[in-house]
Protein chains: 2
Amino acid sequence: MQRRQAEQVAAARVRATGERVTPARLRVLAALLRRGEAASHHELERDLAADAIDRVTLYRVLDWLVGQGLAHRISSADRAWRFTAADRRHDAHAHFHCNRCGKVLCLDEVKTPRLPAAMPRGFRAEGLEVTVKGICAGCA
Amino acid sequence: MQRRQAEQVAAARVRATGERVTPARLRVLAALLRRGEAASHHELERDLAADAIDRVTLYRVLDWLVGQGLAHRISSADRAWRFTAADRRHDAHAHFHCNRCGKVLCLDEVKTPRLPAAMPRGFRAEGLEVTVKGICAGCA
DNA sequence: GGTGCAGATGCAACCCTGTTGCGCTTGCAG
DNA sequence: CTGCAAGCGCAACAGGGTTGCATCTGCACC
């Protein structure tokens with residue numbers, strides 16, 4: 001997404017929550033929108049390098065965005081959360097994790113199966129995460 | 001698995017690698033075999049409490065076991081690796097992650113789909129991880 | 001049954017991701 | 001304009017995992 005468009009969309013979405021509209025929220029959401037792929041905290045920090053916002057604030061803003069449904073948190077294998085703007089329904093597709101560079105992105109083509117009907121007695125399924133691991137185009 | 005049996009199986013498998021047979025390797029693999037479910041580093045440390053082995057050694061032994069194909073590393077959402085003895089083919093079933101207590105176990109009933117045939121150009125799939133999240137029987 | 005040494009272990013110190021506590025600042029309702 | 005709850009920045013901390021290095025030990029060879 002282009003810079004201008006990302007900023008406008010971000011502003012609209014943050015405003016729509018009815019919560020406070022702060023620069024940090026706007027800038028973080030805009031940064032997420034500009035990136036097509038899932039961004040780690042560290043990558044976002046770099047994206048926001050110009051007039052950086054505090055590490056902790058970034059974590060809190062990301063938490064807030066996830067809480068508001070404006071972003072999704074993906075747990076990747078390298079022990080770092082990754083985040084995407086909530087552009088599309090995130091239950092319905094798989095993620096790709098590159099074993100070499102650690103990059104995570106969405107595989108829209110790969111549909112995930114629905115929640116398993118048959119769970120062991122006493123277990124309740126709430127969500128499903130499908131991750132394909134391999135080597136991405138950049139690393140191949 | 002019973003203690004005696006676990007020790008015997010562990011000894012046989014470690015010997016079969018042709019690499020060095022050390023007490024740490026035997027004890028860690030036996031501990032994994034005794035547990036039915038995936039164990040975190042911390043849980044294993046507790047299991048081995050009697051005459052504990054060093055934190056770092058435990059990490060290294062686990063790495064070695066994974067490298068030898070004697071154990072599998074599962075990345076759970078709480079940013080901690082979990083490990084299982086490689087009893088069965090681990091590609092073929094899903095894992096369950098409890099959102100409340102963080103426990104991870106194998107869902108043998110839930111078959112995972114085969115690797116997606118259609119990947120974006122330049123991407124190579126090497127493995128597939130399917131995780132069902134929810135509340136386990138103990139926490140319900 | 002020795003013995004040498006590559007490889008395994010233990011210890012201390014470190015890194016990285018993420019969190020908490022707390023005083024200062026600010027968006028926004030009135 | 002103003003007050004104040006909510007958000008922000010800083011510092012300090014916590015947990016999981018890794019690295020460097022000196023010491024120890026399985027085991028291949030004698």
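In the text below, chain A, chain B and the rest are named by the order of the sequence lines, each starting its count at 1.
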- [ ] Using a 4.0 Å heavy-atom cut-off, write out nucleotides 13-19 of chain C from 5' to 3' as B (base contacted by protein), S (sugar-phosphate only) or - (no contact).
- [x] ----BBB
Task: Nucleic acid footprint by protein, nucleotides 23-30 of chain D - heavy-atom cut-off 4.0 Å, B for base, S for sugar-phosphate alone - done: --BBS---
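Between B:I53 atom CD1 and C:dG10 atom P the separation is 7 Å, expressed in whole Å. Rounded to whole Å, atom C1' of D:dG15 lies 15 Å from atom CD of B:E43. The CG-P distance, from B:D54 to D:dA22, rounds to 17 Å in whole Å. Rounded to whole Å, atom P of C:dA8 lies 9 Å from atom CD of B:Q68. For the pair A:R27 CZ and D:dG7 C1', the interatomic distance rounds to 15 Å; values are reported in whole Å. Look at CH2 on A:W64: it is 11 Å from C1' on D:dG7, rounded to the nearest Å.
Sorted by first and then second residue, the ring pair (Phe, Tyr, Trp, His ring centres under 6.0 Å) pairs with a member in residues 1-21 of chain B form an empty list; sequence neighbours excluded. Residue pairs meeting the ring pair (Phe, Tyr, Trp, His ring centres under 6.0 Å) criterion with at least one member in residues 16-35 of chain A, sequence neighbours excluded, do not occur. The list of ring pair (Phe, Tyr, Trp, His ring centres under 6.0 Å) pairs with a residue in residues 16-43 of chain A, not counting sequence neighbours, reads A:H41-A:Y59. Residue pairs meeting the ring pair (Phe, Tyr, Trp, His ring centres under 6.0 Å) criterion with at least one partner in residues 1-27 of chain A, sequence neighbours excluded, are absent.
The terminal axes of the helix from C:dG1-D:dC30 to C:dG30-D:dC1, fitted over 5 pairs per end, subtend an angle of 30° to the nearest 10°.
Partners of B:A80 according to the side chain to side chain contact (heavy atoms under 4.5 Å, CB included) rule, which considers only residues two or more places apart in sequence or in another chain, are B:D78. Partners of A:R35 by side chain to side chain donor-acceptor pair (under 3.5 Å), not counting sequence neighbours, listed by chain and number: A:D47. Under the side chain to side chain contact (heavy atoms under 4.5 Å, CB included) criterion, B:V21 pairs with B:V14, B:R15, B:L26, sequence neighbours left out. For B:F83, the ring pair (Phe, Tyr, Trp, His ring centres under 6.0 Å) criterion is met by no residue, not counting sequence neighbours. The side chain to side chain donor-acceptor pair (under 3.5 Å) check on A:R73 picks up A:D63, with sequence neighbours excluded.
Considering A:L70, A:T57, A:L33, A:L58 in turn, A:L58 is the only one that fulfils the side chain to side chain contact (heavy atoms under 4.5 Å, CB included) rule with A:V28.
Residue B:R25 places at least one side-chain N or O closer than 4.0 Å to OP1 or OP2 of C:dA8.
For C:dG7, its base never sits under 3.5 Å from the side chain of B:R60 at any donor and acceptor pair.
Counting only heavy atoms from C-beta outward, the side chains of A:E37 and A:R82 never approach each other to under 4.5 Å.
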